[in-house]
Structure formats: C-alpha cells, structure tokens
Amino acid sequence: MAEQPPREQWGSRLGFLMAAIGSAIGLGNIWRFPAVTYEHGGGAFIVPYLLALLTAGIPLLILEYTIGRKYRSSPPGALRQLARPAEAIGWWQVAICFVVATYYAAILAWAVRYTGFSFDQAWGDDPEGFLNNEFLKLNETPGEISTFVPGVAWPLIAVWVLTLVILGLGIRRGIERANIVFIPLLVAFFLVLVVRALTLDGAGLGLDALFTPDWGALTDGGVWVAAYGQIFFSLSVGFGIMITYASYLHRKSDLTGSAMVAAFANSSFEILAGVAVFATLGFMAMDAGVGVSEVSSSGVGLAFVAFPAIISEMPMGAFFGVLFFVSLVIAGLTSLISIVQVIVAAVQDRTGMRRVPAVLSVGGAVSVVSVLLFANDSGLYFLDVSDHFINQYGIALAGLVLLITVSWGLRQLPALQRNTDATSSVGLGVWWRICLGVITPVVLTWMMVDSLIGELDENYEGYSTSFLLWGGWSVAVGALVVGVLLTLLSRRDPRSRSPERDSRTERTH
C-alpha cells in the first residue's frame, strides 16, 4: 500500500473550536430551537434542555473527540481500530453525510436567492405563493418531476463551488480560516438582528410567548424527548463530523474543555436565535391583531414564508431581510463544510488520495446528485422527506448503535476515559460512563420508538405511502446498506489496513 501523506492538523485550538462551533451552529439553531422551545413548555423547557446538554450533549462530544483524536482517522478508519465490525458504523455515517449534504446545500441556495429578493420584497403580498409557485415552481404531485428550475440551480452550483474551494484549501488554510472569519461575523450579524427585533412593536409579546414557563409541561415525557432530540441534532453528533474534526487535533489537546466551550457556545446561539425569532414574530402578531401561536412556525415555513411576510411590514425591512438571510447562508455554510469533510476524509484515508483530488471527486459526486434532485419542481418534497427520515432513522439511529457498540459491546468507555483524562483540564468521572452507557442510549431508544409509533399512526405530512417508501424510508435504509457494502468492499481490498496494523501505527507515534 502506498504511504499515506502526513495527516493535516489544526493550526490552533481557536481554529478547531471555531470549526466545531461552526459545524454545530446551523439552520436548526435558527429555525428549529425557538419553535421546539415554544411548543414544549416555553421557559420551563430550558430545564430539560440543560439536563440533556449535560447528560447527553457534552458527553457525546467528548466521546467523539476522543475517538477521533486517539485513532487519527475518519469514522470508518477510527471505528475499525476499535473493532473491525464497527467499521460499518463509520461508513454508515459517511453515507448519511452524503445524503444530508445534498439537500442542505439546496436550502443555502434558497437563502442566497432570498438575500437578493429582500432588497425589493420580490415575494409581494403572498410569500407562500411566491415560494411554491414562482420560485420553486412546485409540482402538485409530490415526487413527480416535470421541469428543471434554473433559479435554484445556479445559486446551488455557486454554493457548491464555494464549499469545495474552502475544502480544497485544506484544514488550516481553508476550513480553519473560513470559520475564524464566518463565526464572529455570524454572531455580529445576529446581535444586530436581535437589537433590531427587540425595538419592534410587539417584541415583548413574542418574548413572553417564548419564555413564559409552563411548569406542568415537565410532567410530559414528550417534552424530555424533545429536549434530548434538540441537543442531539444541534451539536453535530451521531454522524461522524466531530470524529473527523478531532482527528486533526494535536495529541495533547484538551478535549473536555473544548467540548464544553463548543456545547455552551452552540446553546448560547440557540437562545440568541430564539430571542430574535420570537421578538420578530411578536411584531407580526401585533401587526395582524392575532396571537403569537397563529404566526409561529419553524423550518422552511419560518424562514421563507413567515419572515418574508414580516420583512414586508416592518420598518427597514430590506436591511433586516438581508441580514437574516445572509446569516442563514453563513450558518449553513459552516455546517455544510463540516458534513462534506467527513466524506472527503473517509475517501482520503481509504485510498491515500491527496486532498484536492479527493475534494473534486467527492464534491463532484455530491453536487451532481444535489442539483439533479433539488433543482426541479419536486425539490421541496424530496428535501422534506429526506431530512425527516435521515434524521430520525439515520443520524439518531447511527448514534445509538455507536453508543451501544462502544459502551456495551466493546466496553471501551474506561479506556477512552483514560485517554481523555490524560490531556484534559477537567477530568471525567463515573458520571460520563453512566451518561453514555445508560442515560443517552435509553433516551435515544425512547426517541426511536416514539417516532416509529408516530410514523405508523399516520403518514408523515400526509404524503402517499409510496412516496414515503421510495423518497424517505429507502433513503434511510439505503444509507445503512451502503455502509455495510462499503465495509465489505474495504475488507476484500488488500490495500485496506488491518486493525492490528493501525494499532501498531498508533503506538509508534
């Protein structure tokens, strides 16, 4: 086997932290957290949310940091060194990243276009009709493709070009430098948005709706599941990103301190986003003479329907709109870069390929699929079902399998804890092993069961069963199948390194 090129490293701890924070802070922080908080007890939701952060979020981050730094490889290579069969989990995570990257870039492309639309409020008096009919040219039949949408295709291509240029420049010159610029810029933009939102008439109405605690909600198990789900999906854990990023750390890097900084920075931004979003929704509710519950929404509906309607009514709407959609682009771009890096790193580690050829081959494949699937008149439908099923039965399930494998199957938590404690400022106690070995697996299993019951009760968003089968379930199951097939191919290739050889390599450093 050809000798592997020297592994890249972060230039500084700050660079790694900015990249980790950039990966964690994404679209979900802006359009998911405020709605989840509002729907699950308001201010009272902060209690289960913080407990979930301490018992699942931070412990999971530390686990993934430790695996990545110790084995200095992408998820397939790192998990192969833990145990050969575990390599399949790593390739499963790579396949999940492929799926997520294709539709995540499409949302960024929409945000790019809406930045321009904000200057003259091109959506007019009917933002929902503009989004579905004029911009996305949405087909009435989900899954049926009849036309290509150039207005989505060209910004989508531009997003991919920028992403691949940053990745092609490498860990230090590309990813690290980009995040050191983008994250402070994102925070600055959002602080301006918060100040502007708080000066709007009705801002207090929105904040009261968001933060007034409903303590009775804490007796509802669904609220606790929602808290753990929000932490899990917002911290970029479960699909290999943090294993990959940590594989570029220096061997004596502080892991527990870095995990706490990244986790609390992510949560602080989520609360900041909640203030901005609900202060603005309060303005909309007062302007329309209705309750906040009648204007609150999340996801695509919040970003591309509710906010354009608000922008059209508020003073200095164009300024607010440009800041909001540019913030979406920045938050999404830093996350997209981290997602694609997982695939790039896996290809590099598997083949010995240099960075630029790896980026071009991976980027070429992902971007072509992305444009073909999401620059057409069923793009929104594909995005909706792909996101739902790959999150619930891809990311969360892969994270659960990883935890069970490491903690129960391989019993590696004590050894990994020793590796972490050797270089970290804050030592881990038995609480860490209890959280990862008991609490988090139980909650994730509960999430799986609860979600499956919901799927069986009624079709997601009322879509037809056939569309959900081939557009949703097949994507989630397909990622798992691809992971297994890539593992089998890797075993048959004589160039593939064995766990024993990897372990010897680790000991010589």
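Keep in mind it's a predicted model, so treat the numbers as computed, not measured.
- A distance below 6.0 Å separates the ring centres of Phe304 and Tyr114.
- Looking at heavy atoms from C-beta onward, Leu402 lies in side-chain contact with Gln93 at the 4.5 angstrom threshold.
- A donor-acceptor pair under 3.5 Å is formed between the side chain of Asn29 and the backbone N or O of Gly26.
- Glu270 and Gln230 form a side-chain donor-acceptor contact under 3.5 Å, judged by distance and modelled atom types alone.
- Relative to the ring axis of Tyr248, Arg7 places its NZ or CZ within 45° and under 6.0 Å from the centre.
- Ring pair Phe324/Phe320 is parallel by interplanar angle, where below 30° counts as parallel and above 60° as perpendicular.
- For the residue pair Thr66/Thr420, the side-chain donor-acceptor check at 3.5 Å is satisfied.
- Defined by atom type and a distance below 3.5 Å, a donor-acceptor pair is present between the side-chain atoms of Glu176 and Ser12.
- The shortest side-chain heavy-atom distance between Val342 and Pro75 falls under the 4.5 Å cut-off.
- For the 3.5 Å distance criterion, the side chains of Tyr104 and Ser370 fail to qualify, holding no donor opposite an acceptor.
- Side-chain atoms of Thr334 and Asn179 form no donor-acceptor pair, as typed in the model, at a separation below 3.5 Å.
- Residues Arg13 and Ser258 have side chains that bring a donor and an acceptor to within less than 3.5 angstrom of each other.
- In summary, the side chains of Tyr49 and Ser267 do present a donor paired with an acceptor at a separation below 3.5 Å, with no hydrogens or angles considered.
- The closest side-chain heavy-atom distance from Tyr393 to Ser451 is below 4.5 Å.
- Checked by atom type, the side-chain pair Asp349/Ser74 shows a donor-acceptor distance below 3.5 Å.
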Below 3.5 Å, can you tabulate the donor-acceptor pairs from side chains in residues 271-281 to any protein atom, sequence neighbours excluded?
from   : atom 1 : to     : atom 2 : distance (Å)
Thr280 : OG1    : Ala276 : O      : 2.6

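- A salt bridge links Glu8 with Arg355; the closest basic N to acidic carboxylate O contact falls under 4.0 Å.
- Of the candidates Ile166, Leu167, Val100, Val359, Leu167 is the only one forming a side-chain contact (heavy atoms from CB on, under 4.5 Å) with Val340.
- Using a 3.5 Å distance cut-off with no hydrogens or angles, the side chains of Arg69 and Ser247 do not pair a donor with an acceptor.
- Side-chain atoms of Arg251 and Lys70, non-hydrogen and from C-beta on, never get closer than 4.5 Å to each other.
- Taking 4.5 Å as the limit, every side-chain heavy atom of Arg177 sits out of range of all side-chain heavy atoms of Phe182.
- Between Pro59 and Trp431, some side-chain heavy-atom pair lies under the 4.5 Å cut-off.
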